[in-house]
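Counting starts at 1 for both ligands and their atoms, in listed order. This is a predicted model, so every value here is computed, not measured. In this chain, numbering begins with 1 at the start of the sequence shown.
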Amino acid sequence: MSRVYNFSAGPAVLPEEVLKEVAEEMMDYQGTGMSVMEMSHRSADFQKIIDEAEQDLRDLMKIPDNYKVLFLQGGASQQFAAIPMNLMKNKVADYIVTGQWAKKAYQEAQKYGKANKIASSEDKTFSYIPDCSDLPISPDADYVYICENNTIYGTKFKELPNTKGKTLVADVSSCFLSEPVDVSKYGIIYGGVQKNIGPAGMVISIIREDLITDDVLEGTPTMLKFKTQADAGSLYNTPNCYCIYVCGKVFKWLKKMGGLEEMKRRNEEKAKILYDYLDQSKLFKGTVVAKDRSLMNVPFVTGDKDMDAKFVKEAKEAGLVNLKGHRTVGGMRASIYNAMPKEGVEALVAFMKKFEEENA
Ligand SMILES: Cc1ncc(COP(=O)(O)O)c(C=O)c1O
């Protein structure tokens with residue numbers, strides 16, 4: 001067996017320990033004589049899997065009792081519509097556009113009401129987070145929306161925006177469980193799990209209970225109504241059972257590793273290795289304003305497209321894969337999620353040093 005260091009932005013690297021465990025349980029999950037893939041979502045065995053997954057996530061994030069945890073399908077992108085459908089009572093929402101994913105959410109919301117772009121960093125290719133301390137929040141806004149970590153551009157909100165009392169909704173797809181968060185500051189925290197948690201095909205949405213009502217926009221599909229899913233404990237229809245199971249394993253792995261404080265420490269240590277190198281390199285340079293740098297997604301360039309391509313190709317040959325930047329921005333991007341070991345980042349930096357010497 002040969003494993004590479006996988007810097008993919010998602011689907012992405014998972015803890016080897018978890019992969020081995022699920023492989024061992026593939027044919028016979030804990031004496032049931034079947035794989036979780038083959039198991040009824042209405043069975044007691046599966047109910048235990050989903051209940052434990054929820055409880056472990058609640059423990060990790062210290063989720064208050066007045067929040068529901070929903071395991072939903074349709075990816076993070078489906079929530080771009082579900083959020084306005086469920087929350088737009090006044091049909092007004094404010095969006096802070098700091099990247100492609102926030103922009104997509106903003107554009108989707110325009111279908112359902114008045115979505116206001118109250119701040120943006122598009123003027124400088126989304127390379128920074130705008131000052132959000134005193135934004136023109138709409139008096140009748142149903143919520144203020146952010147994408148907390150910008151997977152493509154590698155920026156992160158280090159401070160939450162001042163929403164002036166309005167409900168904050170955050171897409172945390174690419175920073176989910178990477179550090180502790182204060183859930184009580186948000187109305188909704190949601191994210192696709194395929195980056196920092198599990199296999200693709202599911203989104204976890206943590207929603208304050210008062211936002212889960214029957215008062216949704218007319219025409220909201222039953223499946224997209226938060227109340228449908230909350231009332232059914234995420235089992236209104238057949239959920240992504242196998243994904244819930246793997247995510248549950250990752251939650252247990254995170255607890256064993258020491259929880260989110262420890263993940264933050266490790267993630268800061270890993271990111272520092274890469275950023276410190278970038279800051280002194282003559283060949284490579286980071287593309288993000290230093291104070292807004294993400295711990296999870298690190299974009300960098302040489303400034304020469306052919307050199308970028310050569311780097312990506314040679315890195316792949318050295319077992320450092322998926323370093324090509326997003327198709328919309330080019331360059332390189334190293335995603336260094338929770339499951340990327342420090343050794344992977346060290347191997348990347350060693351390779352970059354060697355490449356720099358060879359191509360000086
Ligand atoms: C921050 C962010 N939001 C949303 C998405 C879209 O997720 P999905 O493919 O699950 O719809 C992605 C990535 O793929 C992302 O990085």
For this session: Check the surroundings of atom NZ in Lys249: do more than 12 heavy atoms from other residues, nucleotides or ligands lie under 6.0 Å from it?
Result: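 It does: Lys249 NZ has more than 12 such atoms within range.
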Exercise. How about Phe284 and Phe311: are their ring centroids closer than 6.0 Å?
Worked result: yes
Problem set entry | Over-ring placement of Lys124 relative to Tyr128, 6.0 Å and 45° cut-offs | yes
Can you give me a line-by-line list of nitrogen or oxygen pairs between ligand 1 and the protein shorter than 3.5 Å?
from     : atom 1 : to     : atom 2 : distance (Å)
ligand 1 : 3 (N)  : Asp171 : OD2    : 2.6
ligand 1 : 10 (O) : Ala76  : N      : 3.0
ligand 1 : 10 (O) : Gln194 : NE2    : 3.0
ligand 1 : 11 (O) : Ala76  : N      : 3.2
ligand 1 : 11 (O) : Ser77  : N      : 2.8
ligand 1 : 11 (O) : Ser77  : OG     : 2.6
ligand 1 : 14 (O) : Lys195 : NZ     : 3.2
ligand 1 : 16 (O) : Trp101 : NE1    : 3.3
ligand 1 : 16 (O) : Thr151 : OG1    : 2.4
ligand 1 : 16 (O) : Lys195 : NZ     : 3.4

Exercise. Are the charged groups of Asp56 and Lys255 less than 4.0 angstrom apart, N to O?
Worked result: yes
Exercise. Knowing that exactly one of Glu357, Glu356, Glu358 qualifies, which makes a salt bridge (charged side-chain N to carboxylate O under 4.0 Å, His left out) with Lys354?
Worked result: Glu358
Problem set entry | Reference residue Val169; test side-chain contact (heavy atoms from CB on, under 4.5 Å); the match among Val144, Ile188, Asp142, Thr163 | Ile188
